[in-house]
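Here is how names work: the chains are called A, B, and so on, in the same order as the sequence lines, proteins then strands, and each is numbered from 1. Just so we're clear, the structure is a prediction, and the values are computed from it rather than from any experiment.
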Protein chains: 2
Amino acid sequence: MKRSIEDIRRQELIEGAYRAFLQHGIDGLTTARICKEAGMSPGILSYYFKSKDEVLFWMVRHANRVIMDEVAKRMKAAPNRWERLLAIIEGNFPKSLFEQNTANAWLSFYVASARDPQLERLQRLFHRRLASNISSCVSGIVSRADLPGFVETVAVLIDGCWLHRAAIHSQTTSAGAIALITNQVEQLLGATGISAMKKPAK
Amino acid sequence: MKRSIEDIRRQELIEGAYRAFLQHGIDGLTTARICKEAGMSPGILSYYFKSKDEVLFWMVRHANRVIMDEVAKRMKAAPNRWERLLAIIEGNFPKSLFEQNTANAWLSFYVASARDPQLERLQRLFHRRLASNISSCVSGIVSRADLPGFVETVAVLIDGCWLHRAAIHSQTTSAGAIALITNQVEQLLGATGISAMKKPAK
DNA sequence: CAAATTTTTGTACGCTCATACAATTTTTTA
DNA sequence: TAAAAAATTGTATGAGCGTACAAAAATTTG
């Protein structure tokens, strides 16, 4: 009962913050805006949260989960490692999210995470997960020595495409970004590497 | 006389803003901090500039010129198109600038440019210059159809490496970023393309 | 239903900041 | 050198913000 209403309100505020985040980025998030977006009165935030930063923290986790769900959904349906790698790439560019406001919002989170230790920890966690996912797809295909470089290259490409979507007024679509990255990955792995990955594992 | 002192003060303020920018990013720039960094009293800014945003505008131009000078210097010494392409890549990662604070500062500029039309225009200008530079190196080597994709890929890689330097606590050095990008470019152009570019042009 | 408790509202406080400007100092002019 | 102009200082003003909290409303309890 008490537990329940508290959880509900907290969740509503987090989701309100998420919607405001997508539109205005982290800097555009004010306590008033968050509360308004959640349909509550301005003072309520400090009743359910210790501070605005705490809402931000949970909001970012929520935002990341949205993307990770896209990745997980596609990975589940992937029959082999090559398809799993594609699932990672494609899952990082959901059509409905790959537009300028959202890209800018994510970018603003990157900037904020440089000065907020809490957000920085999240940032690292997200990156570790991505790196681990990529690694598991190509272990054995890419040599142990080349693995870190391969992983970093893919990560750089993914983040770079988001950055370009945000800042350069490039009309790149979700499909365009996926094609760009896939093309680079194909060159790195080579035809033999890819066909090896296509053998249904497990 | 009047002209001279005015230009000097404006330049000092712009350079003060630049130093503060490198350390604290765009959001950390306050009028007081800019004036202090320039060794002047806090009110002076509104005497020599219409607003803080005007200082920001000129500061960003200044900051970009620092990078462009690095590129230009290297291009001048390049005997052929392949070396010119390397000059562009290397010039975008000056050793003294490729560290976290500076990378974050640039990132914060990208974010700010999404909401400030003046900064957005600069952003586009910078990108056009980069794209044009890259194009001129590989025209004739990369087919006309593949050219936009090639240019975008290189641009994404450059920006992506800066983003990673800023946000992911990657220990990537300047040399590491250059190697990563060069490696990708070599794969795209192939051995025959590169050797064609190495013939001394002009 | 009355008292106690929880939830919500609206606002006031303190802080940071950009900007404008009156007062002061420095430099130029005649 | 005295008057005028230019340059600089320091501060006041007002806006936007996060947070705390007293008062009010809603809900639960006995």
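- The distance between atom CD1 of A/Ile5 and atom C1' of C/dT7, rounded to the nearest whole Å, is 8 Å.
- A/Leu13 places none of its side-chain heavy atoms less than 4.5 Å from the side chain of A/Trp58.
- Straight-line distance from the CZ atom of A/Arg9 to the P atom of C/dT6: 16 Å, rounded to whole Å.
- Taking atom CG on B/Leu56 and atom P on C/dA18, their separation rounds to 10 Å, with Å as the unit.
- The NE2 atom of A/His24 sits 16 Å away from the C1' atom of D/dG16 (whole-angstrom rounding).
- Whole-Å rounding puts the A/Asp7 CG to C/dT6 P distance at 16 Å.
- Between A/Glu37 and A/Arg33 there is no salt bridge, since no side-chain nitrogen of the basic residue lies less than 4.0 Å from a carboxylate oxygen of the acidic one.
- No engagement by B/Phe49 is indicated, since no non-hydrogen atom pair under 4.0 Å with the nucleic acid exists.
- Of the side-chain N and O atoms in B/Ser41, none sit less than 4.0 angstrom from OP1 or OP2 of D/dT8.
- In this structure, A/Lys36 atom NZ and C/dT9 atom C1' are separated by 16 Å, rounded to whole Å.
- When heavy atoms are screened at a 4.0 angstrom cut-off, B/Ile34 is found touching no nucleic acid atom at all.
- Judged purely by atom type and a 3.5 angstrom limit, B/Arg10 has no side-chain atom pairing as donor or acceptor with the backbone of B/Phe49.
- A ring pair (Phe, Tyr, Trp, His ring centres under 6.0 Å) with B/Trp162 holds for exactly one of B/Phe109, B/Tyr110, B/Phe98; it is B/Phe98.
- Atom C1' of nucleotide C/dA18 and atom CG of B/Leu13 are separated by 15 Å, given to the nearest angstrom.
- Each of A/Thr30 and A/Ile44 has a nearest nucleotide on DNA chain D; the 5'-most of these lies closest to A/Thr30.
- A close approach under 4.0 Å does not occur between any side-chain nitrogen or oxygen of B/Tyr47 and OP1 or OP2 of D/dA6.
- The nearest whole Å value for the distance from the CG atom in A/Leu45 to the P atom in D/dA20 is 11 Å.
- Between A/Tyr48 and C/dT8 there is a side-chain N or O to OP1 or OP2 distance below 4.0 Å.
- Taking 4.0 angstrom as the limit, A/Ser46 places none of its side-chain polar atoms (N or O) nearer than this to OP1 or OP2 of D/dT19.
- In this structure, the side chains of B/Leu147 and B/Ser135 come closer than 4.5 Å at one or more pairs of heavy atoms.
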